[in-house]
Amino acid sequence: MELKDFTILDINNGLKKKNFSCFEICKLYFERIEKEDKKIFSFLTLNIENALSDARKIDEKISKLSPSELDLLPFLTGVPFAVKDNILVENLRCTAGSKMLENYIAPYDATVIKKLKEVGAIVIGKTNLDEFAMGSSTENSFFGPTRNPLDLNRVPGGSSGGSAAAVAANLCVFSLGSDTGGSIRQPASFCGVVGLKPTYGSVSRYGLIAFASSLDQIGPITKNVEDAKIIFEIIKGKDPFDATSLEYMSDVNNKEIKDVVIGIPKNYFVKGIDKNVENVIRDAIKKYENLGCTFLEIDLPHTEYALPCYYIIAPSEASSNLARYDGIRYGYSKSFNEYDNLFDYYLKSRGEGFGKEVRRRIMIGTYSLSSGYYDAYYLKAQKVRAKIKQDFDEAFKVVDFIFTPVSPTTAFLLGERVNNPISMYLADIFTVAVSLSGLPALSIPVGYVNNLPVGLQIIGKPFQEYEIFRIAKMYDNL
Amino acid sequence: MISKEKIKEISYLARLYIKEEELDKIGNELSSILDYFNKLKEVDVSNVDPLSHVFSLRNYTRTDTPRVLDKEKINKILSLSNKKEKGFIKINSVFDKWN
C-alpha cells in the first residue's frame with residue numbers, strides 16, 4: 001500500500017472499511033519519515049515504539065467493535081499526528097528547539113495532548129521549531145533548520161516550521177503548532193497547508209512551554225479546512241489548569257453567503273507586499289465576490305504600529321516567562337563546583353543554554369520592563385495594543401470577516417534574513433495585529449507564485465471559528 | 001546608541017552572561033531595534049487604558065487541597081535536576097558567598 005495525501009476522514013474511512021489497520025498506517029508514516037525527513041528535518045524526536053504499540057491496541061479495540069459501533073468510530077481514532085516540540089507529551093523529550101531543554105523529558109501531557117489521546121489519536125513525533133518559538137523561519141532551532149518540502153533551498157516559515165513541513169510532506173496526517181504572532185499561520189502559508197490560530201483563551205495552554213502568555217495559542221495545522229475543524233472541536237474549551245482558558249461559546253450566525261460582508265484593510269496592500277502575492281490574494285477575493293459576498297474597503301489606522309508594539313510586548317512577557325530557566329530544577333546547567341555563587345551560576349547556565357535570538361529577546365524585554373524605560377516602551381506598547389484592538393472592534397461592526405494575505409512574500413531562502421532581525425520580523429506584519437487583538441484567524445492556500453504557495457488569512461470575530469471554517473470551505477468548492 | 005555599561009547592566013538584570021567582545025555587537029542590534037520601536041511615539045494614547053489582556057479576566061479560585069503525586073511522577077520530576085538528595089533538589093548555599 002502506498003501512503004497518499006491522507007486526511008483525517010480518509011484514515012477514518014479506511015479504518016472503518018478495514019482497508020488498512022492503524023498499525024500499518026503508523027508503520028508507513030515512520031517509513032516515509034525515515035526516507036524523506038533526512039532532507040527536510042521536520043522531526044526532532046520520533047515516538048516509534050509507543051506509537052506502534054498504541055496502534056496495536058487500537059486495532060484490537062476496532063476488531064471487537066460491532067458493525068454499528070464501527071460506523072461511529074470517532075474521527076481521530078488511530079490518526080497519527082505530529083506535535084510541535086514546545087508542547088509536552090508525557091515521557092517524550094521536549095526541547096523547545098533549545099540547548100536549554102536538550103535533555104528535558106516531559107513529566108506530563110499538555111491538556112491538548114490528553115484530549116487528543118482520549119479520542120485515540122497517536123503521537124508519532126515532535127517537530128522542529130525556532131528556539132522557544134521565537135522566529136519566523138525555523139532557522140533559530142539549536143538542532144538546525146527545517147527546510148521547505150516544496151523547495152529545499154527555502155525556509156518553511158516559523159516558528160511552527162517543522163509542524164507545517166511535516167503535514168506538507170505527508171509525514172503525518174495533521175500536526176499541532178503554537179501561534180504567538182503568526183507562528184501557525186505563516187508556516188502554513190509558506191508550506192501550502194491550512195493553519196488555525198484560535199481565539200485567545202479558547203484552547204488550553206497547559207503544557208505549552210510559555211513564550212508570551214497573553215498571546216500564545218495552540219492550534220492545528222492540516223491538509224484541509226474540515227480537518228482543522230475536527231481538531232479544533234476536540235481541543236477547545238475551558239481547562240481548570242489554565243486560568244486564562246474560557247468556556248467556548250460558539251458564535252454562529254449562519255448568514256447566507258450573499259449577505260456576508262468582507263473587509264479588506266487598505267493599509268495591508270501598500271508597501272512591502274510582493275506584487276505577485278497581492279495578485280493571488282486579489283484573485284481569491286474575486287472568487288468570493290462571484291459567490292455573492294460583498295467586499296468593503298476598511299481602515300485599520302494603527303496597522304503600521306502593530307509590529308513594533310508586538311516586538312515590545314512579546315519579548316517583555318518572554319523575558320519574564322523564561323526567568324524560570326535557572327539551571328537548577330531542570331534544563332541546561334553548569335556544574336556548581338565551578339562557581340562561587342548562584343549569581344555566576346545563573347549567568348553562565350542561561351548565557352550558554354539560550355541561543356542568539358532568545359538572548360536578544362530576553363535583553364529587549366528586560367530593557368523594556370526596566371526602571372526608567374517601562375513607561376516609554378512597555379506601557380506605551382500596551383496602550384497602542386488597545387488602539388489596535390479598537391480598530392478591529394470598529395471594523396467588525398460593519399463586516400463579518402476580514403481578508404488579508406498571511407505574509408507579504410512567499411517562502412524566502414534559507415539564510416536570507418537570519419542576520420537582520422527587523423527584516424525577519426517583517427514576515428509577521430499581517431499576523432501580529434490579529435494576535436494582539438486575540439482574534440481567530442485561519443490561513444488557507446489560495447494559489448502559487450513561482451510554484452510557491454500563497455496563503456489567505458481569514459480573520460473572524462472572537463469565538464467565530466465555525467463561521468471561519470464555513471466561509472473557508474466554500475473556497476474548496478470554487 | 002546604548003552604552004556598553006547599559007548593556008552589561010541589562011544582561012545582569014536578565015541573568016545572561018554576555019562575553020566582553022560581544023557587548024558592542026549586541027548593543028548595536030538592540031539600538032537599531034529600539035530605534036524601530038520609537039515609531040510608537042507617533043501614536044497619541046492620551047486617555048487610553050493599557051491593554052494587558054484581550055478579554056476581561058477574572059480570578060478563578062479553587063480550594064487549596066494538596067494533590068498527591070505518585071512516587072513515579074515525583075521521580076520523573078526529580079530526575080530532571082542534576083543534583084538531588086533525599087527527595088530534594090540540592091543547590092549551592094545561597095547566603096554564604098552571595099555578593
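Labels below follow one simple rule: chain letters A, B, ... track the order of the sequence lines, proteins then strands, and each chain is numbered from 1.
- Ranked by non-hydrogen atom pairs under 4.5 Å with chain A, the options I2(B), N38(B), D49(B), L34(B) are led by L34(B).
- Heavy atoms closer than 4.5 Å to chain B are found nowhere in A376(A), neither backbone nor side chain.
- Of the atoms belonging to L30(B), it is side-chain heavy atoms, and not backbone ones, that fall under 4.5 Å from chain A.
- Only the side chain of F55(B) comes within contact range of chain A, judged by heavy atoms closer than 4.5 Å.
- Between I328(A) and K83(B), the closest side-chain pair of non-hydrogen atoms is not below 4.5 Å.
- For chain A, the nearby part of I18(B) is the side chain; its heavy atoms alone come within less than 4.5 Å.
- Considering all non-hydrogen atoms of both residues, H302(A) and V43(B) come closest at CD2-CG1, 3.8 Å.
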side-chain contact (heavy atoms from CB on, under 4.5 Å) assessment of R359(A) paired with E22(B): CA-CA 12 Å; R359(A) 278 187 295 169; E22(B) 282 183 329; 3.9 Å; yes
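- When every heavy atom of K389(A) is checked against every heavy atom of V54(B), the shortest pair comes out as CE-O, 3.5 Å.
- The minimum heavy-atom distance between R15(B) and R350(A), with the atom names listed, is O-NE, 3.0 Å.
- For Y108(A), the parts sitting under 4.5 Å from any heavy atom of chain B are the backbone and the side chain alike.
- The minimum heavy-atom distance between I362(A) and A14(B), with the atom names listed, is CG2-CB, 3.7 Å.
- A salt bridge is defined here as a Lys NZ or Arg NE, NH1 or NH2 lying under 4.0 Å from an Asp or Glu carboxylate O, and K73(B) with E90(A) meets this definition.
- For the pair I91(B) and Y345(A), the minimum side-chain heavy-atom distance is 4.5 Å or more.
- A pairwise comparison of heavy atoms in A386(A) and V48(B) identifies CB-CG1, 3.7 Å as the closest pair.
- Looking at I89(B), the atoms closer than 4.5 Å to chain A (heavy atoms on both sides) all sit in the side chain, from C-beta outward.
- Neither the backbone nor the side chain of L78(B) comes within less than 4.5 Å of any heavy atom of chain A.
- Contact record, S214(A) with S52(B): CB-O, 3.5 Å, taken as the closest heavy-atom pair.
- Within the 4.5 angstrom heavy-atom criterion, no atom of D326(A) approaches chain B.
- Residues L16(B) and M363(A) meet the side-chain proximity criterion, which asks for heavy atoms closer than 4.5 Å.
- Proximity to chain B is limited to the side chain of I422(A), based on heavy atoms less than 4.5 angstrom apart.
- Counting only heavy atoms from C-beta outward, the side chains of L40(B) and K383(A) never approach each other to under 4.5 Å.
- Proximity to chain A is limited to the backbone of K90(B), based on heavy atoms less than 4.5 angstrom apart.
- Counting heavy-atom pairs closer than 4.5 Å to chain B, the top residue among K387(A), R360(A), E352(A) is R360(A).
- For K84(B), no part sits under 4.5 Å from any heavy atom of chain A, backbone or side chain.
- Listed options S79(B), S11(B), P50(B), S32(B) were ranked by heavy-atom pairs under 4.5 angstrom with chain A; first place goes to P50(B).
- The closest side-chain heavy-atom distance from Y425(A) to I33(B) is below 4.5 Å.
- Contact of E9(B) with chain A is not made at all, since no heavy-atom distance falls under 4.5 Å.
- Scanning residues 304-319 of chain A against chain B with a 4.5 Å heavy-atom cutoff picks out E304(A), Y305(A), L307(A), P308(A), C309(A), Y311(A), I312(A), ordered by number.
- Proximity to chain A (any heavy atom under 4.5 Å) is restricted, for D44(B), to the backbone atoms N, CA, C and O.
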For a side-chain contact (heavy atoms from CB on, under 4.5 Å) check, start with the C-alpha distance between N82(B) and Y330(A), then their side-chain angles and the critical distance, and finish with the verdict. CA-CA 7 Å; N82(B) 65 2; Y330(A) 53 86; over 6 Å; no
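- Within residues 367-375 of chain A, the residues having any heavy atom under 4.5 Å from a heavy atom of chain B are, by residue number, Y367(A), S370(A), Y373(A).
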